Amino acid sequence: MPEFSFYPLSIDSITDPEAGNSGVIRLFGRTTDNKRVCVLDPSFSAYFWAIIDKKSSVKSLTEEILALKLDETKRIVHATNVTYEEKQFLGETVHALKIAVNNPRDINVLKDDIKEMTGVIKCTETDIPLAQRYTVDTGIEPLQLCTVKGTAIKKDYITDMTIEATHLTAKEDSLLTQPRMLAFDIEVYNKIRSPNSDEDPIVMVAMYGTGNYKKVITWKDYPGRKKHVTVVKNEEALIAMFLDDVRSFGPDYLVGYYSDGFDFPYLKDRAHQMGIDLDLGLDESNVRFSRRANTSTAKITGMPHMDIFKFIRRIVSGQLNLPSYTLDAVAKHLLGEGKTGADVGQLYAAWDEGGERLGEYAEYNLIDAKRTFQLMEIMIPQLNEFVKITGLPPEEVSRMSYGRLVESYLLKNLQQFNEIAPNRPYQNVIGARDGDRVEGAFVFQPEPGVYEDVAVFDFKSLYPTIISVHNICPSTLTAGKKDAHTTPELTFHGKKRTFNYNYKKDGIFPKLIRDILIRRNRIKEMLKKNKKDPVLHARQYSLKILANSAYGYFGFSGARWYCKECAASTTAYGRDYIAKLIEKAEKEKFKVIYGDTDSIFLSLGGKKTLANAKTFLDDVNKELPSLMELELDGFYPRGIFVMKKGDKTGAKKKYALIDEEHDVKIVGFETVRGDWSGIAKDTQKEVLRIILEDNDIKKAVRYVRDVLMKTESGKLPIEQVHISKKLTRGVDEYTAEGPHVKVARQLIKRGETPGIGSTITYVVQEGKGSIGGRSVPADEAEAYDAEYYIKNQIIPAVERIFEAVGYKKEDLLAEHKQKSLGDF
DNA sequence: ATCGAGTATAA
DNA sequence: GTTGCTACTCGAT
């Protein structure tokens with residue numbers, strides 16, 4: 001009887017037609033001696049719960065449920081086993097029947113009849129995927145080494161062996177950390193910017209894999225071709241060879257960058273036209289596509305396909321904070337090297353001409369695949385941490401949302417509470433929930449001006465600690481005030497009220513969040529000794545994300561544990577903590593200049609020292625409940641707050657600070673926004689720097705004047721007047737057409753297909769009429785409307801900075817006009 | 001002058 | 001399939 005250890009890479013379930021369509025768990029993985037295996041575990045049964053009104057109903061209901069025989073097409077649906085357990089459901093002790101079935105699909109049929117039975121209150125956990133249920137109940141998890149005993153069977157899987165397991169056990173703490181990976185990228189022939197799969201062929205595909213594997217396939221030969229470039233006779237042969245190469249390489253992960261959204265859908269369209277199947281599955285099945293909202297996914301049975309773009313965009317973007325997440329931008333940031341310099345827009349021309357230039361594009365293609373591979377390598381520790389936290393397979397984790405993260409973590413940790421989970425809401429419930437709004441955070445109204453010696457404090461993980469300390473949870477929400485935390489007064493559905501959370505027992509969220517925060521604190525301690533450890537870093541980051549997602553999850557309409565009261569209570573406590581902190585600071589004669597959600601800014605301004613501020617910090621921390629902590633976020637010799645447009649009050653969420661290392665931190669200004677021209681952003685940045693660092697307003701005025709003159713002369717580099725905005729819907733769906741929509745129409749007219757999510761870059765030119773009417777695609781612009789850029793871009797970007805230091809816009813303009821008049 | 005739509009960012 | 005808050009421009013009225 002074969003016995004070996006292996007790392008599961010994907011876990012899913014199938015039904016076995018030879019055993020009455022009963023559910024079978026299927027694990028594809030890699031053995032410790034590097035073989036590919038498929039392990040089938042038929043021993044695990046699907047089940048769900050029925051919550052019933054009283055214990056005395058158990059016997060009769062059990063009989064009634066077991067007697068159910070429902071006729072479905074080609075099968076009889078029935079329960080195989082019913083057992084009674086006392087469980088917890090949202091904080092209540094309940095009587096529950098665990099109802100097992102043969103075919104996982106039977107759950108959906110049975111539950112409708114069972115919930116109508118007298119004595120049954122509701123059916124729940126009817127929508128948990130069998131594979132997820134399996135990992136939770138057995139502890140067999142993706143990437144965790146496990147040992148299997150069983151019989152080798154013949155099944156048509158493309159693996160070294162297929163085993164039907166008799167014993168399957170998880171080994172402790174051994175994770176697959178070095179998967180065999182293959183990254184790929186395709187290049188398409190296209191004259192206009194967005195390729196059309198009905199016409200434009202795939203001309204190259206590159207692969208880069210573990211062990212320095214590299215290969216480019218193309219279908220036109222050229223002089224000087226390198227030996228890793230293979231030429232085939234046409235596009236059809238290119239696709240066929242690509243599929244063969246992927247199969248024979250046998251990756252644990254097949255990796256792409258935006259391959260869910262582009263490479264695979266494109267390959268599918270082209271292959272379909274040629275009558276080829278993308279049958280990469282280890283069961284010879286085709287790549288499976290699904291579309292939801294505006295994202296698509298491409299999955300391959302047994303061969304996890306990872307779209308690393310999605311993971312970076314959704315999960316890691318919080319720590320990267322880049323303005324753009326193109327492969328080039330992300331690779332430059334994380335690897336120090338981006339794409340090659342080749343202009344992919346000219347690939348079609350090189351292809352038509354033939355010749356040596358094609359070599360540049362083969363190199364470009366290969367480097368794209370290589371960068372994708374390198375990015376995946378960097379992401380592995382982070383990905384592994386999320387796999388451990390959620391128990392989800394890597395391909396799911398790579399496409400995971402925050403809601404899914406929280407929910408998977410909860411489902412995985414419910415046993416310690418003896419709790420059963422609510423079902424996911426139906427669409428109509430989600431719709432009803434969407435109308436609910438809760439009051440958010442407090443933002444301090446700043447006074448415009450320049451401040452000296454600014455100390456910034458913030459609460460460490462404010463919302464997670466509040467949830468934990470005040471036991472905020474759908475399972476502890478209670479009507480009575482006895483033995484309960486009562487929230488500060490808040491507005492809910494238009495009425496003033498408070499909520500109570502019983503503290504007699506730990507809530508699910510509070511307990512799990514406390515564990516997470518404590519674990520994270522421990523890891524951060526370890527990180528102090530071992531600063532660069534990527535695994536520790538990934539671990540603390542994943543815990544941070546998880547803890548921070550809990551508040552958002554409470555208010556998320558698609559959540560199982562949706563709880564608007566909990567979300568409202570969390571922010572109410574947040575406002576209360578900040579208000580009390582401000583009150584205390586003012587009582588201690590500190591000048592509070594700003595605060596937002598979890599932070600306060602104190603201006604020491606000569607009267608107080610940093611030591612005073614630190615004493616204040618210590619005092620505050622002595623009074624805070626354990627887990628909660630105020631931290632010194634930073635000390636800044638100078639800072640500036642500006643006023644809102646139109647009135648004299650200070651603008652919130654908009655300020656700049658300079659630290660002792662002379663680094664300027666700019667928040668909320670146009671400079672850090674993508675939808676302003678380069679000239680406006682650069683000018684604003686420099687003005688802020690001059691004022692904060694040199695403290696020389698005259699110098700700043702001189703600087704702006706120079707910029708205005710240069711702008712007026714028409715000599716700015718054209719890129720400096722590019723403005724970019726994203727299309728968030730189809731061009732015809734707009735009711736109000738801004739300039740970027742009008743420009744998108746021009747692009748369509750010249751044959752391009754700017755779709756949802758594409759960025760439109762344009763230049764405003766001179767002429768009559770609306771700004772939109774005078775805007776043209778950036779690549780068509782040679783000149784710009786100097787007046788527009790002066791009046792609508794540069795001046796607005798700097799005027800309120802000058803106002804904050806007592807300098808009028810008119811002065812700035814007047815000096816500019818005099819000067820320029822003199823010039824003419 | 002005012003308002004809604006659209007876009008983007010902070011936390 | 002995280003939340004809410006603020007600020008701005010453009011175009012319509």
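Because only heavy atoms are used, hydrogens play no part in the values below, and waters and symmetry mates are left out as well, while side chains stay in. This structure is a prediction, so every number in the text was calculated from the model and none was measured.
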Rounded to whole angstroms, how far apart are [atom1] on [X] and [atom2] on [N]?
X	N	atom1	atom2	value
A:Gln793	C:dT9	CD	P	9 Å
A:Tyr402	C:dT3	OH	C1'	12 Å
A:Tyr409	C:dT2	OH	C1'	18 Å
A:Phe444	C:dC5	CZ	P	19 Å
A:Ile545	C:dT3	CD1	C1'	14 Å
A:Asn548	C:dT2	CG	P	15 Å
A:Lys564	C:dT2	NZ	C1'	10 Å
A:Leu727	B:dA5	CG	P	19 Å

[X] near the nucleic acid: base, sugar-phosphate alone, or nothing, with a heavy-atom cut-off under 4.0 Å?
X	result
A:Val741	nothing
A:Asp458	nothing
A:Asp598	sugar-phosphate
A:Val438	sugar-phosphate
A:Gly440	sugar-phosphate
A:Tyr655	sugar-phosphate
A:Ala567	nothing
A:Arg314	sugar-phosphate

- Query: Any donor-acceptor pair under 3.5 Å joining the side chain of A:Arg404 to the base of C:dG1?
  - Reply: no
Check [Y] with [X], please: is the shortest side-chain N to carboxylate O separation under 4.0 Å?
X	Y	value
A:Lys299	A:Glu396	yes
A:Glu686	A:Arg689	yes
A:Lys580	A:Asp576	yes
A:Glu407	A:Arg424	no
A:Arg399	A:Asp260	yes
A:Asp127	A:Arg560	yes

Among [options], which nucleotide has an atom closest to any side-chain atom of [X]?
X	options	result
A:Lys653	C:dG1, C:dC10, C:dT6	C:dT6
A:Lys654	C:dA7, B:dA11, B:dA8	C:dA7
A:Trp676	B:dG6, C:dT9, C:dG1	C:dT9
A:Arg800	C:dC8, C:dT2, B:dG6	C:dC8
A:Tyr788	B:dT7, C:dA7, C:dC10	C:dC10

- Query: Once the angle between the rings of A:Phe444 and A:Phe442 is folded into 0 to 90°, is it parallel (under 30°), tilted (30 to 60°) or perpendicular (over 60°)?
  - Reply: perpendicular
- Task: Could you check whether the rings of A:Tyr594 and A:Phe601 sit parallel, tilted or perpendicular, using 30° and 60° as the cut-offs?
- Result: perpendicular
- Query: Should A:His740 be listed as having a side-chain N or O under 4.0 Å from OP1 or OP2 of B:dG6?
  - Reply: no
- Message: Looking at C:dC10, I'd like to know if its phosphate oxygens (OP1 or OP2) sit under 4.0 Å from a side-chain N or O belonging to A:Asn792.
- Response: yes
- Query: Does A:Tyr562 have any side-chain hydrogen bond (donor to acceptor under 3.5 Å, both in side chains) partners at least two apart in sequence or in another chain, and if so, which?
  - Reply: A:Asp436
- Query: In terms of the nearest nucleotide of DNA chain C, which residue is placed more toward the 5' end: A:Gly552 or A:Glu439?
  - Reply: A:Gly552
Using atom names, set out every protein N or O paired with an N or O of nucleotides 11-13 of chain C below 3.5 Å, distance rounded to 0.1 Å.
unit_1 : atom_1 : unit_2   : atom_2 : d
C:dG11 : OP1    : A:Gly772 : N      : 3.1
C:dG11 : OP2    : A:Ile771 : N      : 3.4

- Determine whether more than 12 heavy atoms belonging to other residues, nucleotides or ligands lie under 6.0 Å from atom CD of A:Glu787. no
- Message: Stem finding on DNA chain B, please: runs of three or more consecutive Watson-Crick or G-U wobble pairs, both distances under 3.5 Å, sorted by first number.
- Response: B:1-8 with C:6-13
- Is any side-chain heavy atom of A:Val805 closer than 4.5 Å to a side-chain heavy atom of A:Ile640? yes
